[in-house]
Amino acid sequence: MNIEHQPQLRVHIRWMIRRDMRDVLDIERQSFEFPWFEDDFIRCLRQRNCIGMVAEHAERVVGFMIYELHKTRLHVLNFAVATDVRRRGVGRQMIDKLVGKLSSQRRTQISLEVRETNLPAQVFFRETGFRATNVLREFYDDSPEDAYLMQFCCEPEESPMVLPFNRIDRLAG
């Protein structure tokens, strides 16, 4: 079956719990040349501003994301989808969940770094509305590789037309 014609998977996106760690680590090892270890996940998730979420289909974890909450943005630290369900909408649904957490009043953007050699991730994030905004030279500790800083910016909501206001109107009304 051609991968492009496989049906989209509907997933349930929920908070990551301890029981998910084995599946998350499997996806992590399948996905990255320099994977995080369990201690890396635990250390990160113990921080107050760090959130872990998983995408679940038929009671199986098929994707995950780890992100930090900052005052004006969300910063994705780790994001992966199981290799056997890629290109079936799982990653897009996870991005949609993140975008839904943005608001024009508070957090207005999502940022992340992608390795210069990770072309599939660059293409995926570009297709979901991210733009490369900067090159981060020798960004990684495990290799001399550069990274691209990619950002997704919330569209400002249409503000209702505000009529000019003056002190006289307020006093008269």
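Sequential numbering from 1 along the given sequence is applied to the chain's residues. Just so it is clear, the structure is predicted and the values come from calculations on it, not from any experiment.
- Hydrophobic clustering (side-chain heavy atoms under 4.5 Å, transitive across Ile, Leu, Val, Met, Phe, Trp, Tyr) keeps Trp15 apart from Met21.
- Proximity of Ser111 to Met150: side-chain heavy atoms (C-beta onward) are nowhere separated by under 4.5 Å.
- Cluster partners of Val123, by chain and number: Leu119. The rule joins Ile, Leu, Val, Met, Phe, Trp and Tyr whenever side-chain heavy atoms lie under 4.5 Å apart.
- Under the salt bridge (Lys or Arg N to Asp or Glu O under 4.0 Å) criterion, Asp96 pairs with no residue, sequence neighbours left out.
- The heavy-atom pair separating Pro35 from Arg29 by the smallest distance is CB-CA, 4.2 Å.
- Counting only distance, with no hydrogens or angles, the side chain of Gln93 and the backbone of Leu9 share a donor-acceptor pair below 3.5 Å.
- Side chains of Tyr148 and Glu113 form no contact here, defined as non-hydrogen atoms less than 4.5 Å apart.
- Residues in residues 65-81 take part in no salt bridge (charged side-chain N to carboxylate O under 4.0 Å, His left out) pair, two or more places apart or across chains.
- Applying the ring-ring contact (aromatic ring centres under 6.0 Å, His included) definition to pairs two or more places apart or across chains, those involving residues 85-131 are Phe79-Phe124, Phe79-Phe125, Phe125-Phe130, Phe130-Phe152.
- Counting non-hydrogen atoms of other residues, nucleotides and ligands closer than 6.0 Å to CZ of Phe32 gives a total above 12.
- Leu25 and Met65 are not part of a single hydrophobic cluster, where members link through side-chain heavy atoms under 4.5 Å apart.
- Residues meeting the side chain to side chain contact (heavy atoms under 4.5 Å, CB included) test with Asp142, sequence neighbours left out: Phe34, Arg115, Tyr140.
- For the pair Glu28 (side chain) and Trp36 (backbone), a donor-acceptor distance under 3.5 Å is present.
- Judged purely by atom type and a 3.5 angstrom limit, Thr108 has no side-chain atom pairing as donor or acceptor with the backbone of Ser104.
- Listed by first and then second residue, the ring-ring contact (aromatic ring centres under 6.0 Å, His included) pairs that reach into residues 55-77 are Phe41-Phe64, sequence neighbours excluded.
- Listed here is the closest heavy atom pair of Met94 and Ala80: CE-O, 3.8 Å.
- Rounding to the nearest 0.5 angstrom, the gap separating the CZ atom in Arg88 from the CD atom in Gln8 is 8.0 Å.
- Residues meeting the side chain to side chain contact (heavy atoms under 4.5 Å, CB included) test with Arg131, sequence neighbours left out: Arg126.
- For Asn118, there are no side-chain hydrogen bond (donor to acceptor under 3.5 Å, both in side chains) partners at least two apart in sequence or on another chain.
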query = Yes or no on side chain to side chain contact (heavy atoms under 4.5 Å, CB included) for Ile42 and Asp40, after CA distance, side-chain angles and deciding distance?
reply = CA-CA 6 Å; Ile42 290 168; Asp40 299 320; over 6 Å; no

task = Take Val62 and Val81 through the test side chain to side chain contact (heavy atoms under 4.5 Å, CB included) and record every step on the way to the result.
result = CA-CA 6 Å; Val62 294; Val81 173; 5.5 Å; no

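- Environment of CD in Gln47: crowded, with over 12 heavy atoms of neighbouring residues, nucleotides or ligands closer than 6.0 Å.
- In terms of the salt bridge (Lys or Arg N to Asp or Glu O under 4.0 Å) criterion, Asp39 has no residue partners (sequence neighbours excluded).
- Every residue two or more places apart in sequence or in another chain that forms a side chain to side chain contact (heavy atoms under 4.5 Å, CB included) with Arg107 is listed here: Leu69, Leu74, Leu102.
- No path of Ile, Leu, Val, Met, Phe, Trp and Tyr side chains, each step under 4.5 Å between heavy atoms, connects Val24 with Phe37, placing them in separate hydrophobic clusters.
- Within the 4.5 Å cutoff, side-chain heavy atoms of Ile66 are placed close to those of Met16.
- Contact detail for Cys44 and Leu77: the closest heavy-atom pair is SG-CD1, 3.5 Å.
- Neither Leu112 nor Phe139 shares a network with the other; the hydrophobic side chains, linked directly or stepwise wherever heavy atoms of I, L, V, M, F, W or Y lie under 4.5 Å apart, form separate groups for each.
- When all heavy atoms of Ile27 and Val61 are compared, the pair lying nearest together is CD1-O, 3.7 Å.
- A distance of 10.0 Å separates CD1 in Ile110 from NZ in Lys101, rounded to the nearest 0.5 Å.
- Considering only residues two or more places apart in sequence or on other chains, Thr133 meets the side chain to side chain contact (heavy atoms under 4.5 Å, CB included) condition with Leu149, Gln151.
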ask   = Passes side-chain hydrogen bond (donor to acceptor under 3.5 Å, both in side chains), Gln109 versus Thr72? Steps please.
value = CA-CA 7 Å; Gln109 68 176 231; Thr72 61; over 6 Å; no

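- A pairwise comparison of heavy atoms in Ala121 and Val114 identifies CB-CG1, 3.8 Å as the closest pair.
- Among pairs with a residue in residues 10-19, those fulfilling salt bridge (charged side-chain N to carboxylate O under 4.0 Å, His left out) read Arg14-Asp20, Arg14-Glu56, Arg18-Glu38, at least two apart in sequence or across chains.
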